[in-house]
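Computed from a predicted model, the values in this text were never measured in an experiment.
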Amino acid sequence: NFCWKMVRTTETGGVKLIYNGAPDENGACTATGSSTMIANSAFNTTTDDNAYVGYMYGNVGSNSYAETHANIHDSTIKTVIDNWYRKNMVNYTDKLEDTVWCNDRSISPNSLGTGVDATFTYYSAVYRLYDNKIPNLKCINRNDQFTVSEENGNGALTYPVALLTADEISLAGGVYWKDNYNYYLYNSKWWWTSSPSYFNEDSAVELVVASEAEHRSYGYTDDVGGVRPAISLKAGTKIIYGGDGTTTNPYTVF
């Protein structure tokens, strides 16, 4: 009883989906608006340390990269997503694959920052998507590969659910600083990705998806924006009846 949009296949043959609301009385799925999100939330309610670009984060005020970006504390947005999943999706966990959800905290090659404490730092997603315009689906650091099991990632998640990266959204048509109100994932609202942008000596910043009203590419972590969780169906999942994959006549899986 939820609507999802297919995003891409995974390296293990699954299918990543992003939340897109609930079906109406006719079984159709709306394409845009607030109903395509589970909530509005800050990414982290605090913003004054590099640690807060993390989907999970480590010790604030630390003088080492490893301690700053350790996966110790849940971000505000992770808590929102986990609570929603626990209430609505936990019975379907066996249908989902434990794929990698990337929170790429690697430092941009043209950054002088160290990703520590309140030092000015650019992260790699900005280098890929703004400087080079070359999105990449690889997740460089194992520490940033969020999974439930340690077999294929960091094992830090409780549930197989998180956020899409800015790279995945870019490949769908949401290109950095380019207005596009017609691409597949556009919903007329602004919402969070899992990709860190930079720390500017004052605030941690995350890449976001722009709305029609707000021509932005980033949000300070204590800004309040839309939350659209993503999951991944296991390879071999079957369509159980009907549908042609459109918003008015969606596929149904169970």
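Counted by atom type alone, Thr93 and Tyr85 present one or more donor-acceptor pairs between their side chains at under 3.5 Å.
The environment of CG in Leu112 is sparse: at most 12 heavy-atom neighbours from other residues, nucleotides or ligands sit within 6.0 Å. Other residues, nucleotides and ligands contribute more than 12 heavy atoms inside 6.0 Å of the CZ atom of Phe2.
When all heavy atoms of Gly54 and Ser75 are compared, the closest pair comes out as O-CB, 3.5 Å.
Taken from CG in Asp117 to CZ in Phe199, the straight-line distance is 7.5 Å, to the nearest 0.5 Å. Atom OG1 of residue Thr47 and atom CG of residue Asn50 lie 10.0 Å apart, to the nearest 0.5 angstrom.
A donor-acceptor pair is defined here as one N or O able to donate and one able to accept, closer than 3.5 Å; such a pair exists between the side chain of Thr76 and the backbone of Thr45.
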> After noting the C-alpha distance and the side-chain angles of Tyr122 and Phe120, does the key distance pass the ring-ring contact (aromatic ring centres under 6.0 Å, His included) rule?
Replying inline: CA-CA 7 Å; Tyr122 276 101; Phe120 194 105; 5.3 Å; yes
>> I'd like to know whether Glu206 forms a side-chain hydrogen bond (donor to acceptor under 3.5 Å, both in side chains) with Thr221, so could you lay out the CA-CA distance, the side-chain angles of the two residues, the decisive distance to 0.1 Å, and finally the verdict.
In response: CA-CA 6 Å; Glu206 211 79 12; Thr221 56; over 6 Å; no
> Which is it for Trp101 and Tyr55 under the ring-ring contact (aromatic ring centres under 6.0 Å, His included) test, yes or no, and what are the steps along the way?
Replying inline: CA-CA 10 Å; Trp101 304 98; Tyr55 193 64; 9.3 Å; no
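The cationic group of Lys133 lies under 6.0 Å from the six-membered ring centre of Tyr130 and within 45° of the ring axis, placing it in a cation-pi geometry.
When side chains are defined from C-beta on, Tyr159 does not count as touching Val148, because their heavy atoms never get closer than 4.5 Å. Side-chain atoms of Asp223 and Val208, non-hydrogen and from C-beta on, never get closer than 4.5 Å to each other.
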